[in-house]
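All figures in this text were calculated on a predicted structure; none of them were measured in a lab. Atoms within a ligand are numbered from 1 in the order they appear, just like the ligands themselves.
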Amino acid sequence: MKKEKTGRIISISGATVRTDLRGLTLFEKVSVGKQNLTGEVVRLDKDAAVLQVYEDPGGLGLHEPIQGHGTSLTTALGPGLLSAIFDGLQRPLDLLTEMTGSFIHPVHLASSLDLKKKWEFTPSVSIGDAVEPGTRIGFFTEGAFQHPVVVESGRQGIVKRIATGMTALEEPLCLLDDNSMLYGYQHWPMRVPRPYRKKISPREPVITGQRIIDFLFPLARGGTAIIPGGFGTGKTILQQTIAKHADVDIVIYAGCGERGNEMSELIQEFVELVDPRTGCPLLDRTVLVANTSNMPVAAREASIYTAVTLGEYYRDLGFHVLLIADSISRWAEALREISCSLEEMPGEEGYPTYLASRLSSFVERAGVVETLSGGTGSLSMILSVSPPGGDFTEPVTQALLRTAGTFLMLDTGLANSRHFPAINWMQSYSLYQDILSPYFQDVVAPEWETLRRRCREIMHREETLKEIMEIVGIEGMQEGDRLVMQVAENLRNRFLAQNAYSDDAFCEPRKTLEIIRSVTSEYAAEEQKKGGTPK
Ligand SMILES: Nc1ncnc2c1ncn2[C@@H]1O[C@H](COP(=O)(O)OP(=O)(O)OP(=O)(O)O)[C@@H](O)[C@H]1O
Ligand SMILES: [Mg+2]
C-alpha cells in the first residue's frame, strides 16, 4: 500500500539533501521542496536520511517539505513508448516542451504514458478462461507494431469481462473472478530486474552490419559489447550506425551525459530513415532516453535504469531488444560525484568502492530468456566507455571488461588516420565467437570460419612483417611477403573500414563474405601454390 510521509530539509549540498524524515527506506522515491522535485533516498543514518535530487536543485531552501512515497522510482511500461523521447526520469520531452518551454523545469507527471489516449485492443482470451502470469490476453495496435498485453507476475484468475476495440490505458482491460482488474500498462521499480522463467545460453548473433564486428568480433543476442575509446575516436557514430541498422526488433538508445545536439541529429535521422523490414520510420521501433550533458548529473543513473527496464519489458514480450548506452563513463562520473557528496570512502580514482558491483549488476540484466509466457526474448547491450586520456586501465573500462563478452577497443591512431570504425583488430576480442560460429556456418556459408581464420592470419603476418618492412623497405622484401602486405592493405581499406555516411554503412553477412573472399583470393591462391591446402 502507498504510504506518504512528510518531513523537512535540514541541509543541502548541491543535489544532496538531508532530511529529518523518519521511516524512509533505501531507494524510496521522495518529493523534495515546495517544487516537488523528484529524488531518491541514497543513505539512511540514525536520525537523518540523505536524498539525491534528480532535478535542478536551484531554489531549494532549508525547512522546505520532504515527502516519502513508500515506493521506489518506477518506469511506466505499455503502449506509447515506441518513438517517444524521454528524459532521465522518463518524462516525454515533447510534453515537457509544451508545459515548460525549451528548458526543463520541475514538472510532476502522473504517468509517463498518456493514459487517456485510446488504442485498438484485440483480445485473445474469452470469458471463463483461466489466466496466470505470462498469459497473453490480447494486443494493442500501435502503428505497425502489435503490442502484446501479458499478465504480470503475481496475478491470476478467471476472466469475467474482457475489453475489445478502442480502449484507453486508464480503462481496465480485464475483470477477474476475484473482482481485481488487469490494465494495459504497469509501473515497474527500475532498479529491480524483471522476472522470467529461465536464462538461456546465447546462440544467435546480433547482425550489426559492421563487417569487422560481425565477422571478427561478433556480438551474441543477449550478450554485451563494450566500446572504449578516447576522445573523438568514433564511439557515438559507431553506436548510432548500429542503432539504425541492427537486426533487432526494438532499439533503446540511452544518451547518458553526452552532447544534446548529437541526440537531436539522431532523432532527426530516425524520423527520416526507413526500417527495411517494416517500411516504417526507424523511430517507430526505437525508444530514446536522453539525459544529455546539460541535464542534471544525478539523473544519469535514473536514465540508465529507465533504459534497461524498458529493454527488459520488450524482452518479456518476446522481442529481441538492443540497448545502446553512450556513455557509461558519464554515469560512473555521476556515481563518483554522488558518493563524494555522501562522504563515502573513495575507491580507485575516487570512484565509489561499489562501482564494479553496480556496473556488473547492470550488465547482468542482459541475456536471452524464456519469458513468463514461454517464448524467447533477448536483451543485448552495446555500451560505450570514454576513458580519460584514452587510458584503458582506468576503473570503468576494467570493471566492464570483466563482465562484457565483446570488447571493441577504439584506437586513436586509426581515428587520426581517418580509418573508421577505428576498432583495433589486434586488441579487440569476442568471447561469443565459438558459440556463434555454427550459426554463421549454417545460415551464411560453411566457409565462414575458414575465411575468418585466413583473415586473422593475414593480419598477424602483416603485424610481424611491418617491422621488417620498416628496415628493408617494401622493395627489399620477398615476393610472398610483399603480397601479404598488399593483401593486408586491401583488407584494411576495403573490408575493415566502413564509412558511416555512405551506402556501405550497413553490410549484410553474405556481402561481408563476398568481400572477404575477393580481398583474400590472391593470398589463398599463393598459399595453395606453395603446396599447402588453402587456409
Ligand atoms: N564510421 C565512421 N565513418 C565516417 N566517419 C566517422 C565514423 N566514425 C567516426 N567518424 C568521424 O569521427 C568524428 C568523431 O566521431 P564521434 O563523435 O562518434 O566520436 P566520439 O568517440 O563519440 O567522441 P567523444 O569522445 O567526443 O564523444 C565524427 O564526427 C566523424 O567525422
Ligand atoms: Mg561521443
Side-chain angles (χ1 to χ4, degrees), residues 88 207-217 219 225-246 251 253-270 273 288-295 297 300 303-304 307 323-334 381-392 394 396-397 400 404 406-425 427-428 491-508 511-512 515:
I207 303 296
T208 62
Q210 298 297 303
R211 288 187 286 269
I212 182 164
I213 301 180
D214 296 342
F215 191 63
L216 293 177
F217 313 114
L219 168 65
I226 64 162
I227 309 182
F231 174 70
T233 46
K235 300 177 289 295
T236 305
I237 301 286
L238 181 58
Q239 282 184 305
Q240 294 189 350
T241 313
I242 296 175
K244 283 179 217 159
H245 303 292
V251 174
Y253 191 99
C256 179
E258 292 292 306
R259 294 177 204 92
N261 62 337
E262 286 179 347
M263 202 76 195
S264 57
E265 277 165 27
L266 178 75
I267 293 162
Q268 200 53 45
E269 273 183 79
F270 272 39
L273 286 170
L288 294 156
V289 182
N291 190 259
T292 49
S293 48
N294 54 346
M295 295 181 178
V297 171
R300 286 181 194 167
S303 69
I304 289 286
L323 167 66
I324 292 186
D326 184 21
S327 124
I328 293 296
S329 298
R330 306 282 166 256
W331 168 31
E333 282 161 16
M381 295 186 184
I382 300 185
L383 315 171
S384 74
V385 188
S386 333
D391 170 17
F392 297 114
E394 57 91 39
V396 183
T397 315
L400 283 172
T406 302
F407 174 67
L408 303 168
M409 192 196 112
L410 299 190
D411 188 311
T412 310
L414 287 176
N416 288 344
S417 62
R418 309 293 295 162
H419 175 108
F420 291 113
I423 299 172
N424 182 312
W425 49 86
Q427 299 197 34
S428 302
L491 187 72
R492 275 187 276 119
N493 298 337
R494 287 173 44 202
F495 184 77
L496 299 176
Q498 224 173 319
N499 189 335
Y501 303 106
S502 68
D503 291 343
D504 193 29
F506 175 82
C507 186
E508 60 118 13
K511 199 167 158 217
T512 296
I515 302 177

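- Within 4.0 Å of atom 6 (C) of ligand 1, at least one protein heavy atom is present.
- The distance cut-off of 2.8 Å around the Mg ion (ligand 2) captures these protein N, O or S atoms, sorted by chain and number: Thr236 OG1.
- Here the protein heavy atom with the shortest distance to atom 2 (C) of ligand 1 is Phe420 CB, 3.3 Å.
- Each of the following atoms of ligand 1 lies closer than 4.0 Å to a heavy atom of Asn499: 3 (N), 4 (C).
- The nearest protein atom to atom 14 (C) of ligand 1, hydrogens excluded, is given as Gly232 O, 3.8 Å; this is a heavy-atom distance.
- The residue from Gln239, Glu262, Lys235 that puts a heavy atom closest to atom 17 (O) of ligand 1 is Glu262.
- The aromatic rings of Phe506 and His245 sit tilted, their planes meeting at an angle between 30° and 60°.
- Here the protein heavy atom with the shortest distance to atom 19 (O) of ligand 1 is Gly234 N, 3.0 Å.
- Checking each of Pro387, Ser384, Pro228 against Ser327 for a side chain to side chain contact (heavy atoms under 4.5 Å, CB included) leaves exactly one that passes, namely Ser384.
- With Leu238 as reference, Ile227 is the one residue of Asp326, Ile382, Ile227, Ile324 to meet the side chain to side chain contact (heavy atoms under 4.5 Å, CB included) rule.
- Atom 18 (O) of ligand 1 has Ile237 N, 2.8 Å as its closest protein atom, hydrogens excluded (heavy atom only).
- For atom 3 (N) of ligand 1, the closest heavy atom belonging to the protein is Ala500 N, 3.0 Å.
- Ion pairing between Asp214 and Lys511 fails under the 4.0 Å rule for side-chain N and carboxylate O.
- Looking at atom 29 (O) of ligand 1, its nearest protein heavy atom turns out to be Tyr501 OH, 4.2 Å.
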